[in-house]
Amino acid sequence: MRADSKGEVRDVRRLMALTGDMESLDKFRCCFVAAADRLLALTNPRRFSPDRRLALQVAVWALRGVTRVILANNPLSGALMLLALYWASPWQGLLGTLGLLTSTLVALILGQDSAEVRGGLHGFNGMLVALLMGAFSSAGDWYWWLLLPACLGSATSVFFFGGLTPVLDRWDLPVAVFPFNTVIVLYFLCTGPDNPYFPRRLAVPPSRSPPNVTALDATEVLRGVPLGVGQIFACGSLGPSLLILAGLCLYSPLQAVHALLGSAVGTLAGLSVAVRHEWLYSGLSGFNGALGCMAVGGLFFTFSWRTHLLAIASAFLSAFVDIALSNLLGSTGVPACSWAATLTATLLLLLPGAPSAYRIPLARVGSPERNLRSRGRWGAADAEERESTDV
Amino acid sequence: MRADSKGEVRDVRRLMALTGDMESLDKFRCCFVAAADRLLALTNPRRFSPDRRLALQVAVWALRGVTRVILANNPLSGALMLLALYWASPWQGLLGTLGLLTSTLVALILGQDSAEVRGGLHGFNGMLVALLMGAFSSAGDWYWWLLLPACLGSATSVFFFGGLTPVLDRWDLPVAVFPFNTVIVLYFLCTGPDNPYFPRRLAVPPSRSPPNVTALDATEVLRGVPLGVGQIFACGSLGPSLLILAGLCLYSPLQAVHALLGSAVGTLAGLSVAVRHEWLYSGLSGFNGALGCMAVGGLFFTFSWRTHLLAIASAFLSAFVDIALSNLLGSTGVPACSWAATLTATLLLLLPGAPSAYRIPLARVGSPERNLRSRGRWGAADAEERESTDV
Amino acid sequence: MRADSKGEVRDVRRLMALTGDMESLDKFRCCFVAAADRLLALTNPRRFSPDRRLALQVAVWALRGVTRVILANNPLSGALMLLALYWASPWQGLLGTLGLLTSTLVALILGQDSAEVRGGLHGFNGMLVALLMGAFSSAGDWYWWLLLPACLGSATSVFFFGGLTPVLDRWDLPVAVFPFNTVIVLYFLCTGPDNPYFPRRLAVPPSRSPPNVTALDATEVLRGVPLGVGQIFACGSLGPSLLILAGLCLYSPLQAVHALLGSAVGTLAGLSVAVRHEWLYSGLSGFNGALGCMAVGGLFFTFSWRTHLLAIASAFLSAFVDIALSNLLGSTGVPACSWAATLTATLLLLLPGAPSAYRIPLARVGSPERNLRSRGRWGAADAEERESTDV
């Protein structure tokens, strides 16, 4: 019996090594061990053929890619978030999955850096491209022709990712969602509301008149805060948004708190320049703030009260820049996507002086909790650390 | 008596060391010694508490920042220019002072490079942001709510300054007014003429029809040339503009000549593509030319007949680029500010070949007159020079 | 007699050394030897004064510059292409020649890198600026005032070329047509249809409604494919376009095939998003695809089936980006010129992973055929190679 349980423990460890860093789930581990045990019985690696093992690996990379959208990195959270997308709209879920797999495969074919592919860095840009194409399409759900630009756009994002890497590497900056943002803006500029094959909705600038005639509904505004987290995945329903938030909480509670805080800050920013009410109600005012707040609060900077203040500043800046860019691009009917948060986070990562003392080198970035713990150990256990750190 | 006067001279020198480089004022020094003596009696450093001394220092940094707007670096000229702003409009003067102090303090809090702070490099971007917010506000003077975006915008310019520094440093380029230009364009895009809290005037593109129906008034056009120098501070009155020019002349007569020359060249450029008459009369056609001409003529390049020609070319290029950008941004009602001169000067600083032989390394840039004198001494007195050069 | 013929051979060689790399013309050399002999009799270098020799050299540099427009590098092909331009429109030919000579001379005066000047790299940007000014002018042919902006614009492109070189050099990227694209967009933004001195036609976005009411004419679409090659020189007639293609074939048949292929791919891309019929018929849909395809297929990457696929992908990407940018810039009446192909090729040159293994260092780029041959010899004959490679 004892040897048997030992073997089982070894098997669990093997699965965990396969699915990557489970460290941040320390507190949830107890409840998952029973589940993992059952899963193990079903998916014993010994019974797997090499082909199946590859398929499982690609699935793990893809799920990791899903969480990259919201600056996390954990396949289990990814599964929850994908579930949320299918719940909100099965068609959107399908598009997202297609974009995810297409760009991961294209990155493999183009021979991109394998650590990047394994980390899901190529997948998430393709996924966002496909999701946004679906969200702005005016041809309705299940318009199968849309799969063609979704595949091509996802594949193109890999080219942009590869091309931007050497440029941004000079300053140790992440490529982040620059590829997604570029590809989707180009796609939206190519098509239009009258396009016979790929018609799309026009984005409305947040400051567009006629001005707000009805009174502001406080409940709706509050509802917009969690919706702002869902809007990161172009998802505008409350239930799925909360599920996405739960998945994020599973990876890092600190990250989830910053997402909500950033979304609230974004809503405040929107109120301060009197944007359209729909902009606040739908969560569109919050999602750039949420991304800007998460990037600075704990992810790329060690968490402390100083970086917490910087994170709030970053959320405000992201939200205002988003309103500015949405007004600019909205005049041609194109949404500003997450340009604002990406540019703001990039700017703050470049900041010298006091903030740079808290900055985490790109190769060491993990979850906020892990960043906090590993900060002190850098000097001492440099070699050991490198092995267990997710890149 | 002799010992006494010796002590006084020492005090004067101490004050001069405090207020920085007075070297360029050699010829004016005689008339100022009496005034400085009286000032000394009032502000004897020995009688100062450390707090007061800091306040005095911050004031000197801020005044230095005022002159940085017009590419000079001298607290006395700064005092004259600030006076001109208060003369033109006390409300604009207040806004400028607020922006100046806010961004200087934020830079101190964020722990930015202290040499940069002392040189007023952070202050001037914040000042310009606040000045332009006031100049384009349509809520009238003394609209106190405007102080909120003025403070926030000035603070944001520090983030942009810090973030752009490592990028531009790679090519030894100055950050210049990139932060101001970015922040103000974002602010203008966020607000609009119908904004209930921060309404603003729309900028009119220079080539906007209806075309010029009245004949061109030559006197008004000539009046636009000195106004172009004032427009660098968003000031459209002749008297204050001349006072600003006098302040500049105090720092460097060569710089003042180039400012007027550049403004004239800009007016010529405006005439050549038939811009609106108001564009010429108000000096808006001249200020980018003036900035472009000053940057190349003596400041970043050693003065010679070759760089003089390059300065004229730079003024033409800045003026044409400004008309192009004003037409582009003006279609959404946003002014092009000093993007044109900043981009043109950056481009010319990157130029290899013959011009690069005259280029002054960024760390050695002083007033045109000093650049001219120090050029020959570089090799010989490298160590000595470094001490006396303003960065 | 024998000594005489030996001397003649030496003279031929001397002329060939003067006019640069004739290697790619190996197969055509036999037929040209007779012609060269006659030419020699007329232009015996011994009879030349130094002034005349310089004039001949500048002419060779300029002709080389003509071919640079279409990514080739050969004075003979350049002569054919210039002939084609004069055939299509003598006024356009004159403008092109003027731009070519102006920018070459300005580059000489500004002391730019002499290898670049000799290679025609400065000339071709100026030529394109002048050609596009003529093509979009609505003042008709032989409007002599246009020579003024043509000269100034060509001269400005040299400044942009010089300024961009140190920035792009960091990543071993070519400056390509960035200067031309920037200068011409600025010129178009400065002027407008109502400008009293330099009126211009407005560019119409490719997706502009009213939508296509007539049926698509397949013959016209096919005719657009070779026209797409001519549009690289802003030339919309079939005969001159074919002559340009013949000139390109003389330099490198592989390049010519890629040009036609890319133009066809661009037309396909245009069809897939239903652009205006005139866009397809005039070849405007094809020329960015042609440029993107040529740059990747054999020029900056060693030719192989993998880079051939990448070239097709590049053509598609260039064409779609061109449609997007034309829609964006077209809303202010400005054409997107060759921004799309330039940005796409730059992006693909930055791509790491599998494609980078085929990439040719910028200093070794020759014709596709030579790149293919020299690839294997790099390691062995490094020193020898360097001498015979055109930079």
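Every chain is numbered from 1 and lettered A, B, ... according to where its sequence line falls, protein lines coming before strand lines.
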Atom group of C:Leu348 that falls short of 4.5 Å from chain A, counting heavy atoms: side chain
Structural part of C:Arg170 lying under 4.5 Å from a heavy atom of chain A: both
Residue of the set C:Leu349, C:Leu351, C:Leu350, C:Asp172 for which side chain to side chain contact (heavy atoms under 4.5 Å, CB included) holds with A:Pro166: C:Leu350
Taking all non-hydrogen atoms of both residues, which atom of [X] and which atom of [Y] are closest, and how far apart?
| X | Y | answer |
| --- | --- | --- |
| A:Leu110 | C:Pro355 | O-CD, 3.7 Å |
| A:Gly163 | C:Pro352 | N-CD, 4.3 Å |
| C:Ser272 | A:Phe198 | O-CE1, 3.8 Å |

Per-residue contact mode, A:Val167 against chain C (heavy atom under 4.5 angstrom): both
Per-residue contact mode, A:Asn195 against chain C (heavy atom under 4.5 angstrom): side chain
Among C:Leu328, C:Thr344, C:Asp322, C:Thr346, residue most engaged with chain A (heavy-atom pairs, under 4.5 Å): C:Leu328
To the nearest 0.5 Å, what is the distance between [atom1] on [X] and [atom2] on [Y]?
| X | Y | atom1 | atom2 | value |
| --- | --- | --- | --- | --- |
| A:Phe160 | C:Leu317 | CZ | CG | 5.5 Å |
| C:Phe316 | A:Thr156 | CZ | OG1 | 11.0 Å |
| C:Leu271 | A:Tyr197 | CG | OH | 7.0 Å |
| C:Leu325 | A:Leu186 | CG | CG | 6.5 Å |

Heavy-atom pair count under 4.5 Å with chain C, highest-scoring of A:Ala155, A:Cys190, A:Pro196: A:Cys190
Residue C:Trp171 excluded, over 12 heavy atoms near CH2 under 6.0 Å: yes
Audit row: C:Leu310, A:Phe159, side-chain contact (heavy atoms from CB on, under 4.5 Å) steps and yes/no: CA-CA 11 Å; C:Leu310 193 67; A:Phe159 287 86; 3.5 Å; yes
